[in-house]
Amino acid sequence: QASPPEEKTKTLDKAGVLHRTKTVDKGKRLRKKHWSASWTVLEGGVLTFFKDSKASAAGGLRQPPKLSTPEYTVDLRGASLSWAPKDKSSRKNVLELRSRDGSEYLIQHDSEAIISTWHKAIGEGIQELSAD
Ligand code: I3S
């Protein structure tokens, strides 16, 4: 049973604190990685990374996301997600997200269980959009 479009786009799929860094901006490889722990929201086929803040890193699920400003917004339509190859980072549990506009992000969490739920949720978000 299909849900109405407005309902579909407003469903909060997942939220939490992740480590992330942007590595490519619209095809241009960035010279330095800047990892930050930040509030991340997956909603309506869009992944939003909020600005880094000590509060967002420490606050976990209790951090009200409206208090921080979005830093990167990634449209999952046409995006692809995979486990990052070892040469992209020495960290464990790293996902690589490539957006349709040619930007790339690394997403990481020390907990394999937590990163796996994000892998699944983002992967499903991409799948749902490709089915439209
Ligand atoms: O790909 P790189 O250059 O090894 O990435 C590391 C750097 O971004 C590093 O910053 P400094 O150059 O300021 O030290 C970060 O601290 C590291 O975390 C980066 O490597 P990992 O393997 O953690 O992604």
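Each ligand, and each atom within it, is numbered from 1 in the order the structure gives. Quick note: residue numbers are just sequence positions, from 1.
Protein heavy atom closest to atom 6 (C) of ligand 1, with residue, atom name and distance, is K33 NZ, 4.2 Å. When hydrogens are left out, the protein atom nearest atom 15 (C) of ligand 1 is W35 CD1, 4.5 Å; that is the closest non-hydrogen contact. Nearest protein heavy-atom neighbour of atom 12 (O) of ligand 1: K32 NZ, 3.0 Å.
Panel note: side chain N93, backbone D110; a donor-acceptor pair is recorded below 3.5 Å.
Between K14 and E124 there is no salt bridge, since no side-chain nitrogen of the basic residue lies less than 4.0 Å from a carboxylate oxygen of the acidic one.
For atom 22 (O) of ligand 1, a protein heavy-atom neighbour is present inside the 4.0 Å cut-off.
For the atom pair CG of D13 and CH2 of W118, the computed distance is 9.0 Å after rounding to the nearest 0.5 Å. Note that CZ of F50 is 8.5 Å distant from OG1 of T40, once rounded to the nearest 0.5 Å.
Judged by distance alone, the side chains of R98 and S103 never bring a donor and an acceptor atom under 3.5 Å apart.
By the 3.5 Å distance cut-off applied to N or O atoms, S90 is counted among the residues near ligand 1. Between S89 and ligand 1, a contact under 3.5 Å exists for at least one N or O pair.
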